[in-house]
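Below: the structure, in structure tokens.
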Amino acid sequence: MKCLFCKQGETQPGTTVITLTRKNTTVVFKNVPADVCENCGESYVNENVTKDLLKRANEAIRNGAEVEIQRFAA
């Protein structure tokens, strides 16, 4: 797909790092599957992966984590 951010590059399957912050909790997810723009590096994550990321982040918040780093594995 054409990148919505730079409008120049095409996206290719790859991985990215996603950081989510809510209140006093920051969760960093590494190796998240995404479509990544070959030109600017902007990442696009699909709906199922997004739901999983939010579920995991909410779990970290419930567990009282301040900072948590997770390697994403579907």
Side-chain angles (χ1 to χ4, degrees):
M1 107 179 167
K2 176 84 79 189
C3 178
L4 301 172
F5 187 74
C6 74
K7 312 235 185 308
Q8 301 297 313
E10 294 288 329
T11 59
Q12 302 294 325
T15 60
T16 191
V17 175
I18 302 285
T19 303
L20 300 175
T21 302
R22 184 181 301 155
K23 298 182 184 177
N24 296 324
T25 302
T26 299
V27 184
V28 179
F29 297 97
K30 295 181 172 184
N31 203 41
V32 178
D35 290 328
V36 182
C37 177
E38 62 191 5
N39 183 57
C40 70
E42 182 72 11
S43 300
Y44 300 89
V45 179
N46 75 36
E47 184 177 352
N48 291 332
V49 171
T50 300
K51 286 180 183 178
D52 194 16
L53 292 172
L54 291 174
K55 179 181 171 185
R56 293 177 189 202
N58 285 327
E59 185 176 318
I61 291 166
R62 279 193 305 278
N63 291 335
E66 287 186 38
V67 176
E68 186 165 305
I69 300 172
Q70 297 184 19
R71 183 168 177 84
F72 188 88

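Atom-to-atom distance recorded for Phe5:CZ and Thr11:OG1 is 15.0 Å, nearest 0.5 angstrom. A distance of 10.5 Å separates CG in Leu53 from OG1 in Thr19, rounded to the nearest 0.5 Å. Rounded to the nearest 0.5 angstrom, Lys7 NZ and Asn39 CG are separated by 12.5 Å. A distance of 9.0 Å separates OG1 of Thr26 from CD of Glu66, quoted to the nearest 0.5 Å. We find the CD-CD distance between Gln8 and Glu10 to be 10.5 Å, quoted to the nearest 0.5 Å.
Considering all non-hydrogen atoms of both residues, Gly41 and Val36 come closest at O-CG1, 3.7 Å. Glu42 and Cys3 make their closest contact through CB-SG, 4.1 Å (heavy atoms, listed as atom of the first residue, atom of the second, distance). Closest heavy-atom contact between Val45 and Ala34: CG2-CB, 4.0 Å. When all heavy atoms of Cys37 and Cys40 are compared, the pair lying nearest together is SG-N, 3.4 Å. Taking all atoms of both residues into account, the shortest heavy-atom contact from Pro13 to Asp35 is CA-OD1, 3.8 Å.
Residue-environment remark: CG (Asn63) exceeds the threshold of 12 foreign heavy atoms within 6.0 Å.
Between Gln70 and Lys30 the shortest side-chain heavy-atom distance does not fall below 4.5 Å. For the pair Leu54 and Leu20, the minimum side-chain heavy-atom distance is below 4.5 Å. Side-chain contact check for Arg22 versus Ile61: some heavy-atom pair is nearer than 4.5 Å. Between Phe72 and Val49 the shortest side-chain heavy-atom distance falls below 4.5 Å.
In terms of hydrophobic clustering, with Ile, Leu, Val, Met, Phe, Trp and Tyr side chains grouped at heavy-atom distances under 4.5 Å, Val27 and Val32 are assigned to a common cluster.
Under the 4.0 Å criterion applied to side-chain N and carboxylate O atoms, Glu59 and Lys55 are not assigned as salt-bridge partners.
Within the 3.5 Å criterion, the main-chain N or O of Met1 finds no donor-acceptor partner in the side chain of Tyr44.
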